[in-house]
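Take a look at the structure below.
Remember, it's a predicted structure, so these values are computed and weren't measured experimentally. Numbers restart at 1 for each chain; the letters A, B, ... are given by sequence-line order, proteins then strands.
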Number of protein chains: 4
Amino acid sequence: MSPLSGEHLNQIRDERREQIIQAAIKVFSKRGIIGTKMSMIAAEAGISHGLVYHYFKTKDELFTLLIQGAIETSISSIEGLNQVSGSPIDKIRLLTKHILDKENTPFFMLIYQANHSDGVPEQAQHLIRKYPLQAYIDRLLPIFRDGQLAGEIVEGDLEEIVGNYFSILSGIMVLGEGYRIPEVEFMMRTITTI
Amino acid sequence: MSPLSGEHLNQIRDERREQIIQAAIKVFSKRGIIGTKMSMIAAEAGISHGLVYHYFKTKDELFTLLIQGAIETSISSIEGLNQVSGSPIDKIRLLTKHILDKENTPFFMLIYQANHSDGVPEQAQHLIRKYPLQAYIDRLLPIFRDGQLAGEIVEGDLEEIVGNYFSILSGIMVLGEGYRIPEVEFMMRTITTI
Amino acid sequence: MSPLSGEHLNQIRDERREQIIQAAIKVFSKRGIIGTKMSMIAAEAGISHGLVYHYFKTKDELFTLLIQGAIETSISSIEGLNQVSGSPIDKIRLLTKHILDKENTPFFMLIYQANHSDGVPEQAQHLIRKYPLQAYIDRLLPIFRDGQLAGEIVEGDLEEIVGNYFSILSGIMVLGEGYRIPEVEFMMRTITTI
Amino acid sequence: MSPLSGEHLNQIRDERREQIIQAAIKVFSKRGIIGTKMSMIAAEAGISHGLVYHYFKTKDELFTLLIQGAIETSISSIEGLNQVSGSPIDKIRLLTKHILDKENTPFFMLIYQANHSDGVPEQAQHLIRKYPLQAYIDRLLPIFRDGQLAGEIVEGDLEEIVGNYFSILSGIMVLGEGYRIPEVEFMMRTITTI
DNA sequence: TATGAATGAGTTTTCATTCAT
DNA sequence: GATGAATGAAAACTCATTCAT
């Protein structure tokens, strides 16, 4: 019989890769790099640990890939706010909703893990350092400024306000199970007037 | 040389124990259980790794001890609020100030680590489960209720408000370097009227 | 498409086998058994690693086969000297030339690898032990004796002379790149008179 | 009781190190890097494999150290010839004797392994490349030139003669068990007049 | 016949823990 | 009480081999 068609093989490969990536996000975000054993990822993906290495050279490479994805996703979802129509407050509400969405927890957890764990691969550290809190502040500042000018956002140093707000959002998402994720309006009370 | 007096030995013992505990808090809170090597604690304490085992049977025992201390400290500092004079808002401000104090970061980190890491000793897990968010909510609820009755705290489900507030405080303290710790008033805006 | 004729399949089979064998000789002789991955042989042969297993059951089987070939070739080329006309010295010169021929390096390397490596399959070890230095000495001795009788070869214990000579030839061929392969006459000075 | 005195500890450390090094020379020289398992070295040294890592960071570091030692020893033993009194032929005879000494086999084997194996650590490769055959030829050339001028050594291109001679010596030492190590005079016949 | 996805045994390396001194 | 040499269990990673297609 002839070997599998290239297309079919590609499909299998892509599926497996995605399967492993999803498993890895789940495990890494919960346990960090050191706490995550490749066998856990394999088990989570329902495959042998050897196969993980068929698709990803090392644990580090896999982790770094996820970090890159997490950063790209979070940055682009912030930059995407500019395309959205609505008042500054509407945009911030949208962002807040997005961040507080349970589905996005792993991204914050991953970045958190990369920030705190030991044994974070050089390249992942590099990415993290390239996008510190300030990078997010810079991208959110214009929206907050507009809000302040419109009188919708409290007076005060803008960098401080944005930094605080993004920090408490990040904090809440990092806590994980056992804590409460507040409603959007609860968080926004820190920055809105009235 | 004559042998050291028993009292002197006791003193050395206590000093060493405290030395190790402080070192352990520092390292565990930053790196978690798995990320912390006994040799790191020893190095931080300036002693040989062998000596740590003279004072603490295992890494798990040491970690569990710290968790116990962290929980006790945080619970008692909340319970202590009742002895303080002042309005409900004053008490909450005091608590907030206390929690946001950099000095107390390690306690939150430790509890966080115990909540998230793998390889957390059974006994530590037990302690953590014995004092979940709800335990803190229960103890804070009376104060918040008074505040609500006095019209100083926003309307709404009290458990939710207290849970949210304690969660965002915890979140911020867990983030660590690279993020902003907001001022007390910034946090309190989530719960105060006007 | 009509199925390939049986004959054509046979031809493909034989070609592939030979292709793999040549690739295996090249890689095994350079890297030894342990150092050789089946994937290297496959890559060298320009086929998939799975296909190697269609032609050879295991790595061990393949290696053993090569060892067998190497031994048979070297033994028969020595035995072939008897069919050659010429003086003893001429025959030894011919043998020396043959051994020092770069093309024959892999055979010596293979036997060397089989002698030294770990993880040499039982059967290959058996073959190697069946044809030790002594087997070569035995076959060369008559020629050297004739040479000694004719005064062309130095006096002395014949087994020793033959053993020495074959050993230094083997040694030189095993060294590989980075060393000099001497001219025939340089080697022969060890055994010839004048 | 007081801890071991620093001196005693030093003694233990030095002994163990030496013990491991000797074991490693033995195993590495016979089986090469890939073929050598750290557990083999540990077993040969009669210690646990963990202890090997107490003294040497990695297998690569250990191997590289041995290579360095082997190169240094062989270079210095050649350079030492200049301090020796005697005719050029005497010096070469001394060198030959030294090289053919069974005790020195491991050095040649190690360098051989480093030249041929896969997975040779970068630093070891560097050392090997720094001291190719030419480095030895350069150091031996003056002696051979003197010998040629004195009519004790055959006519011909000196580099060629020295390279050939050092190569056949190296080759013989690499063969290991199963082959004959010739007498000094047998080897020297390749280069001496008469 | 041909391919490469998939598995798991085996190896390197780390580190909690023990123990002689 | 104090040290650090020593052990061994556990985890990352490699690769021979199998097998569905």
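In this structure, Lys59(D) places its NZ atom 10 Å from P of dT11(E), rounding to the nearest Å. Rounded to whole Å, the distance from CD1 on Ile33(C) to P on dA16(F) is 11 Å. Rounded to an integer number of Å, the gap from CG of Asp60(B) to C1' of dC15(E) is 14 Å. Tyr53(C) places its OH atom 22 Å from the P atom of dT21(F), with the value rounded to the nearest Å. Separating the CZ atom of Arg13(A) from the C1' atom of dT3(E) is a distance of 11 Å, rounded to the nearest angstrom. Atom CZ in Arg31(B) sits roughly 11 Å away from atom P in dC15(E) (whole-Å rounding). Between Asn10(A) atom CG and dT21(F) atom P the separation is 17 Å, expressed in whole Å. The nearest whole Å value for the distance from the NE2 atom in His54(D) to the C1' atom in dA16(E) is 14 Å.
The line from NZ of Lys30(C) to CD of Gln113(C) is 11.5 Å long, rounded to the nearest 0.5 Å.
With the 3.5 Å cutoff on both pairing distances, Watson-Crick and G-U pairs in DNA chain F assemble into runs of at least 3 at E:2-21 with F:2-21.
Mapping Thr36(D) and Thr36(B) onto DNA chain E via the closest heavy atom, the residue that lands nearer the 5' end is Thr36(D). In this structure, Ser39(C) and Gly46(B) both approach DNA chain F, and ranking their closest nucleotides by distance from the 5' end singles out Gly46(B).
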Interface polar pairs with nucleotides 8-10 of chain F, N/O, under 3.5 angstrom:
from   : atom 1 : to       : atom 2 : distance (Å)
dA9(F) : N6     : His49(D) : NE2    : 2.9

Let me check something: any side-chain donor-acceptor pairs from residues 41-51 of chain B under 3.5 Å, sequence neighbours excluded? List them with distances.
from     : atom 1 : to       : atom 2 : distance (Å)
Glu44(B) : OE2    : Lys26(B) : NZ     : 3.1
Ser48(B) : OG     : Leu51(B) : N      : 3.4

Validation: residues 52-60 of chain B side-chain donor-acceptor distances under 3.5 Å, sequence neighbours left out:
from     : atom 1 : to       : atom 2 : distance (Å)
Thr58(B) : OG1    : Asp60(B) : N      : 3.3
Thr58(B) : OG1    : Glu61(B) : N      : 3.0
Lys59(B) : NZ     : Ile33(B) : O      : 3.0
Lys59(B) : NZ     : Thr36(B) : O      : 2.7

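Shortest non-hydrogen contact noted between Ile128(B) and Ile111(B) is CD1-CG2, 3.9 Å.
In terms of modelled atom types and a separation under 3.5 Å, the side chain of Tyr112(D) and the main chain of Gly32(D) share no donor-acceptor contact.
Of all nucleotides listed (dA5(E), dT17(F), dA5(F)), dA5(F) comes nearest to the side chain of Ile12(D).
A side-chain donor from one of Glu18(D) and Gln22(D) sits under 3.5 Å from a side-chain acceptor of the other. With 3.5 Å as the limit, one finds a donor-acceptor pair spanning the side chains of Glu15(D) and Gln11(D).
Residues satisfying the side chain to side chain donor-acceptor pair (under 3.5 Å) criterion with Gln68(B), sequence neighbours excluded, are absent altogether. Looking at residues two or more places apart in sequence or on another chain, you find a side chain to side chain contact (heavy atoms under 4.5 Å, CB included) between Ala124(A) and Phe63(A), Thr64(A), Ile67(A), Val120(A), Pro121(A).
The side chain of Arg16(C) contributes no N or O atom lying less than 4.0 Å from OP1 or OP2 of dT1(E).
Tyr55(D) comes within contact range of the sugar-phosphate backbone alone, with a heavy-atom separation under 4.0 Å but no base atom that close.
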